[in-house]
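The block underneath contains the structure these notes are about, expressed in structure tokens.
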Amino acid sequence: MTKLANAFPIHEVREQFPALNRTYNGKPVAYFDGPGGSQTVKSAIQEMASYMANGGANLHGSFPTSRETEAIIAEAREAVADLFGAKPQEVAFGANMTTLTFAIARALGRNWRAGDELVVTELDHRGNVDPWLAVAADRNMTVRWLKVDPKKLTLDLDELDSIITPNTRLVAVGLASNAVGTINDVERIARHARQAGALVAVDAVHAAPHFAIDRDQIGADILTCSAYKFFGPHIGITVIREGLFEQLQPYKLAPAPDYLPDKLETGTQNHEGIAGIRPAIDFIASLGSGANRRERIIAGFERLEEHENRLAARLRSALAEMDGVTLYEADASVAKTPTIAFRIEGWSPQEVCLRMAEDHAVFIADGDFYASTLADKLEINPSGWIRAGLAPYNSDEEVDRFIAGLRLLISGGK
């Protein structure tokens, strides 16, 4: 295939996202807030609307709408399994990643005791920290921290042998930083955890929209993400290794199922949201080719990565040349998602985001994004960073507008 033939189909991709038709202050909106939640692909919107319009139902009924709901859930599990190289019966849904992690932590904590140890990191979103800290406090466990190097913006893994010990029950680590984009060496961390007999809980929320993930390759026993980060609806997803899932004893109602994966899904699920998961994953697969959906997903991510990273490189280069701009990112040798954190001297992050929205219809976000430990170590709280993220629907023209808008702001123009 020629390079031209394999060019990223940006126009076709953009046509699949209705939100891109929005205007603000007379200008087309450019969404650079993907790290906080992507826009939703049209096929997912249509499937959710179709489910609700054709009659929803609860499970285990003898009538068509109930059977159809069960089929939709099964299709969603199969799609998620293909997304991560897992099994459908290992896939469970919930309100969001944080709620699922609290539920899993409580269930695992039933078997943990005083003196047992947990490992969390200073780079992570607190969604993969605080549920474990809560269980540690309840069980009088010891918590050890994998530290972040505030200059390199990477985890310091030199002391893994002393941090992960025979008393470690679980290591919680993010696959990629939602604040500064650093992709962590989870495989290395997981190897140390396995040697100590510990479980590995991986937060893949930020990573899932940007590159293909192989659950077994990275060594995750528990993997969590959210569909609204990869072009779908607001719903949480977890993939739990089958042997572990079978042993898991979640807090649940007495009549609720004891079999997996349903036993983790307390109450009635967001069925219309689940209906939007498969189309969101199929959108990624549509960008690639292959003999099955898993192969198409991997190939689709290769094209998506190339597009996003090219745009991110343009944006990083321009920011690095602007007066008063401080970039917060690992060096070029470290793999990163197309997520860029920065600050501008003389401007609060909130002021920058407001001006970019009002003057240029460029939507970017400010704050610590729940990576509050990292923000504290960098001494930038309470205002945090300005964060811009690239998605497959972002274009070169939008990057040009972003750069031009920031230059005008810094120069005092409008």
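What you see is a predicted model, and the numbers here were worked out from it, not measured in a lab.
You'll find the side chain of Trp347 reaches within 4.5 Å of the side chain of Arg355, heavy atoms only. In this structure, the side chains of Arg407 and Met322 come closer than 4.5 Å at one or more pairs of heavy atoms. Side-chain contact between His271 and Leu59: present, with at least one pair of heavy atoms (C-beta onward) separated by less than 4.5 Å. Using a 4.5 Å heavy-atom cutoff, the side chains of Thr182 and Val334 are in contact. Asp400 has its side chain out of reach of Phe402: every pair of non-hydrogen atoms, C-beta onward, lies at least 4.5 Å apart. Proximity of Trp145 to Val119: side-chain heavy atoms (C-beta onward) are nowhere separated by under 4.5 Å. Looking at heavy atoms from C-beta onward, Arg314 lies in side-chain contact with Asp396 at the 4.5 angstrom threshold.
For Lys336 (side chain) and Ser177 (main-chain N/O), no donor-acceptor pair under 3.5 Å exists by modelled atom type. Without hydrogens or angle criteria, Asn394 side chain to Ala391 main chain gives a donor-acceptor distance under 3.5 Å. Without hydrogens or angle criteria, Ser286 side chain to Phe283 main chain gives a donor-acceptor distance under 3.5 Å. Lys252 places no side-chain N or O within 3.5 Å of a backbone atom of Asp258 that could act as its donor or acceptor partner. Panel note: side chain Ser226, backbone Lys229; no donor-acceptor pair is recorded below 3.5 Å. Panel note: side chain Thr142, backbone Leu118; no donor-acceptor pair is recorded below 3.5 Å. For Glu272 (side chain) and Met52 (main-chain N/O), no donor-acceptor pair under 3.5 Å exists by modelled atom type. At least one donor-acceptor pair closer than 3.5 Å links the side chain of Arg303 to the backbone N or O of Ala7. Not one N or O on the side chain of Thr373 forms a donor-acceptor pair closer than 3.5 Å with the backbone of Glu122. Looking at Asn270, its side chain never comes within 3.5 Å of a backbone N or O of Ile235 through a donor-acceptor pair.
Salt bridge present: Arg77 and Glu265 bring a charged side-chain N and a carboxylate O closer than 4.0 Å. We find that Arg296 and Asp282 are not joined by a salt bridge, their nearest charged nitrogen and carboxylate oxygen being 4.0 Å or further apart. A salt bridge between Arg144 and Glu159 is absent, with no side-chain N of the basic residue lying under 4.0 Å from a carboxylate O of the acidic one. Using a cutoff of 4.0 Å between basic side-chain nitrogens and carboxylate oxygens, Lys87 and Glu242 are scored as salt-bridged.
Taking the six-membered ring for Trp and thresholds of 30 and 60 degrees, Trp385 and Phe369 have nearly parallel ring planes, at less than 30 degrees apart. Between Tyr31 and Tyr393, the two ring planes are perpendicular [angle over 60°; tilted spans 30° to 60°]. By the 30° and 60° cut-offs, the orientation of the rings of Tyr370 relative to His125 is parallel.
Atom CG of Asp323 has 12 or fewer neighbouring heavy atoms from other residues, nucleotides or ligands inside a 6.0 Å radius. The 12-atom threshold is not exceeded at CD of Glu345, counting heavy atoms of other residues, nucleotides or ligands nearer than 6.0 Å. In this structure, Lys152 places its NZ atom where only 12 or fewer heavy-atom neighbours from other residues, nucleotides or ligands lie under 6.0 Å away. Dense packing is recorded around CZ of Arg110, with more than 12 heavy atoms of other residues, nucleotides or ligands lying under 6.0 Å away. No more than 12 heavy-atom neighbours from other residues, nucleotides or ligands sit within 6.0 angstrom of CZ on Arg106.
In the model, Thr339 has no side-chain atom that pairs as donor or acceptor with a side-chain atom of Arg387 under 3.5 Å. The closest side-chain donor-acceptor pair between Ser383 and Arg343 falls under 3.5 angstrom. Residues Tyr51 and Thr69 have side chains that bring a donor and an acceptor to within less than 3.5 angstrom of each other. A donor-acceptor contact closer than 3.5 angstrom is absent between the side chains of Asn96 and His234.
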Side chain to side chain contact (heavy atoms under 4.5 Å, CB included) between Lys377 and Val148, worked out:
CA-CA 9 Å; Lys377 290 194 66 94; Val148 66; 3.7 Å; yes

Assess the residue pair Asp359 and Lys27 against the criterion (salt bridge (charged side-chain N to carboxylate O under 4.0 Å, His left out)); give the C-alpha distance rounded to whole Å, side-chain angles, the decisive distance to 0.1 Å, and a yes or no.
CA-CA 9 Å; Asp359 298 346; Lys27 300 180 179 67; over 6 Å; no

Between Leu146 and Ile189, is the side chain to side chain contact (heavy atoms under 4.5 Å, CB included) condition met? List the steps.
CA-CA 10 Å; Leu146 272 176; Ile189 295 169; 4.1 Å; yes

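Taking the six-membered ring for Trp and the full ring otherwise, Phe230 and Phe301 have centroids separated by 6.0 Å or more.
The two residues Ala103 and Leu264 make their nearest non-hydrogen contact at CB-CD1, 4.2 Å. The minimum heavy-atom distance linking Val80 with Ile281 is given by the pair N-CD1, 3.7 Å.
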